[in-house]
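Presented below is the structure to which this report refers.
Order of the sequence lines fixes the chain letters, A, B, ..., with proteins taken first and strands second; residue numbering starts at 1 for each chain.
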Amino acid sequence: MTHNTGPVAAGTERREPIRDLVRHAQGGGLPSVAQCLHRFLGVEVGIFDLDGNILAASPNRTLWDYDQLLRAREGHDNRLAVRTVLHHDETIALLATGATTDGRELLDVAESVIAMEIARLRARQEGRRELAATVLDDIIANRLSEQDSLNALRRIGIDGNRPMRVLLGWCRRSAPRRGSVPWNLHALMSDRPDPLVRVDLGENVLMVIPDDTMADRIARTLHQHLADQGAEATVGVSLPHTGSNGLRAGYYEAMSALREGRGVHYPAHVDLARILVLTLGAPALDEIARRVLGPLLDYDSTRGGALVPTLREYLACNRMATETAERLFIHRNTLRYRLRQISELLDIDIDSTWATTNLWLALTVLGEVSDR
Amino acid sequence: MRDTEAVMPDERLHRTVLASSPAYEAATYYEWLLEIPALADVGALVVAPPEETFTGWAPVFHVDSTREALHRARSFHPSVRAEIRTDSETWHCVTAAGATWVVLNERSAGEPADAVPPGRVNCDYSGPDVAAATRYLGRLLDLDHVVIAGDPFDMRFLYAGRRLSTGIFRMSAIMRGPELPYWIVYFEVADIHVGISRAVASGSRVRIPPSRSPFNTYAVLADPWGNLFGFSTMLDPADIGEIPAIGSDGRDQVLQQLVDVHPAPTVLPHS
């Protein structure tokens with residue numbers, strides 16, 4: 001650094017470390033950024049992802065306590081200074097330093113430099129991620145033959161001949177996820193593919209993992225990652241499957257389990273009705289379902305009736321009249337009357353296997369079967 | 001494939017032990033993480049924490065006699081406070097003021113098949129007073145030491161018979177907590193970045209990012225139960241230059257003149 005005097009010189013002095021910082025980022029990535037900051041500020045520097053993993057540090061054999069770092073972020077520990085690194089208004093990393101009153105401008109620039117570096121790393125792997133997402137989307141949509149599917153899965157690091165599980169994760173965010181938050185920053189920094197395939201599919205996160213002893217732990221870790229990013233985090237886990245048909249079935253199983261609510265959910269049993277609905281596509285089935293239940297829907301809407309809810313509860317209670325009446329807070333005679341109305345309007349024997357199955361599917365399509 | 005009968009064990013590094021609860025879950029986790037059928041393949045064992053001793057990974061060192069080891073290090077007032085019993089051995093958990101636990105196994109005739117194969121596991125001791133730790137461990141384990149010249153972490157090694165037994169170094173900083181001494185056990189893997197990705201996806205957390213030393217790339221993590229462990233990938237011997245060192249007699253040395261940095265044969269997990 002130069003040591004000239006005067007305002008021009010002072011401006012020059014301020015720009016030197018900033019120029020150095022940018023040069024270090026270009027030449028050596030996040031580790032060099034951390035080293036540069038450490039050299040100029042004279043305090044320990046750490047760059048973290050949002051799960052508490054340290055990405056770069058200087059001095060590098062510094063042991064950070066992420067929980068203390070979070071306390072410092074909330075203002076409960078003034079021995080550390082924690083800054084949020086934003087990219088497209090989403091938090092993607094944290095920059096921590098030992099307490100210092102110097103270098104505010106430099107740290108402001110460092111936030112941007114770190115964000116740009118992470119974005120650059122992510123862009124470098126964009127092709128690999130897009131390939132994985134395209135392959136999985138094609139398989140789920142049944143656009144590929146079995147052999148083409150297996151070949152495509154192999155290209156993205158999945159052996160489709162071995163049992164695998166599908167994990168589907170979701171959380172409620174305050175703002176729509178723009179897909180700019182990378183999941184595995186360490187894989188990006190090392191320019192390695194993520195050994196556990198993970199892609200964004202709409203608002204969900206999809207993982208395909210080998211079926212082994214760690215499947216549950218990986219699912220719970222995914223859940224924790226999502227919970228750190230938004231409310232009502234939920235993960236659905238499929239049963240183990242092989243092949244492209246198995247992956248497709250696993251996707252819908254995971255989707256079905258995802259709808260069980262917060263937490264990590266496995267299919268307690270195969271819900272064929274729900275899977276059929278998910279697999280075949282809601283819009284076409286919706287029209288059919290409305291036709292099946294039409295007379296009841298019309299009756300309820302024009303007469304203020306409750307035939308559809310009555311039918312739903314009756315089937316949910318396994319056609320046990322006493323329990324159904326209790327759940328509906330009506331007399332058993334009222335229930336019998338309504339069931340007779342339903343049978344007459346639909347012109348079916350409501351207790352036949354065919355009717356029960358068909359009506360249950362129709363109620364599922366219309367979302368009348370609530371998420372339990 | 002590895003032939004245990006043809007492999008010489010490390011001179012002092014006998015086994016490694018993880019004191020963690022639940023032990024079975026932790027063992028399963030590490031077997032998955034290291035992609036090995038059994039922890040015994042790398043000379044590791046998981047036990048429930050012995051009462052009022054330690055949790056986490058610790059190396060187990062061979063000594064000819066625990067009593068003689070304690071006598072050698074008597075100026076540090078060490079004592080045996082607990083025992084770990086395996087199927088065939090009894091290990092002594094030794095403690096001394098200012099030091100963390102050291103686990104000793106009295107050497108018996110015949111090396112068990114599940115001792116640490118050379119090149120699969122390494123360990124480091126980190127503490128605020130590196131010189132004192134060197135004296136203590138050197139006497140306790142009857143090992144010579146060598147100091148890496150100009151190392152920013154005051155790195156030194158204990159060794160015997162050209163075999164490195166453990167490293168000793170000072171952490172740059174602890175942000176923000178007490179600077180306690182502790183062990184870090186490193187598992188040799190083919191690619192630490194793959195290991196890190198699997199570890200992070202399964203609930204571990206990176207505590208020291210991938211870094212390069214004169215002879216390996218390493219990283220330190222905390223497993224889902226908070227136990228520190230490390231991954232290491234040794235550099236190709238052709239990429240390791242002469243490492244300047246200072247022997248215990250104060251004379252300038254080259255590390256490779258004193259020890260085998262790459263113990264032969266080196267076996268990687270997927271060999």
Is the number of heavy atoms from other residues, nucleotides or ligands under 6.0 Å of [X] [atom1] greater than 12?
X      : atom1 : answer
B:D87  : CG    : no
A:R39  : CZ    : yes
B:R212 : CZ    : no

* To do: With rounding to the nearest 0.5 Å, note down the distance linking OG in B:S202 to CG in A:L222.
  => 12.5 Å
Contact class of [X] relative to chain A, heavy atoms under 4.5 angstrom:
X      : value
B:I208 : both
B:F169 : side chain
B:S126 : neither
B:P152 : neither

Are any of the side-chain heavy atoms of [X] and [Y] separated by less than 4.5 Å?
X      : Y      : answer
B:V206 : A:F48  : no
B:S211 : A:R61  : no
B:E25  : A:R217 : yes
B:P209 : A:L55  : no
A:M214 : B:T28  : yes

* To do: Determine the option with the most heavy-atom pairs under 4.5 angstrom with chain B, choosing from A:T221, A:I209, A:L196.
  =>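 Max contact count across the listed options: A:T221.
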* Most contacts with chain B, counted as non-hydrogen pairs under 4.5 angstrom, among A:P31, A:A219, A:A96, A:S190 -> A:S190
* Shortest non-hydrogen separation from A:N53 to B:R205 and the atoms involved ->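 Closest heavy-atom pair between A:N53 and B:R205: OD1-CA, 3.1 Å.
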* To do: Please state whether the side chain, the backbone, both or neither of A:D212 comes within less than 4.5 Å of a heavy atom of chain B.
  =>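 Only the side chain of A:D212 comes within 4.5 Å of chain B.
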* To do: Without swapping roles, check the side chain of B:R207 against the backbone of A:W64 for a donor-acceptor pair under 3.5 Å.
  =>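 Present.
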* Any luck finding a side-chain donor-acceptor pair between A:D194 and B:S197 under 3.5 Å? -> no
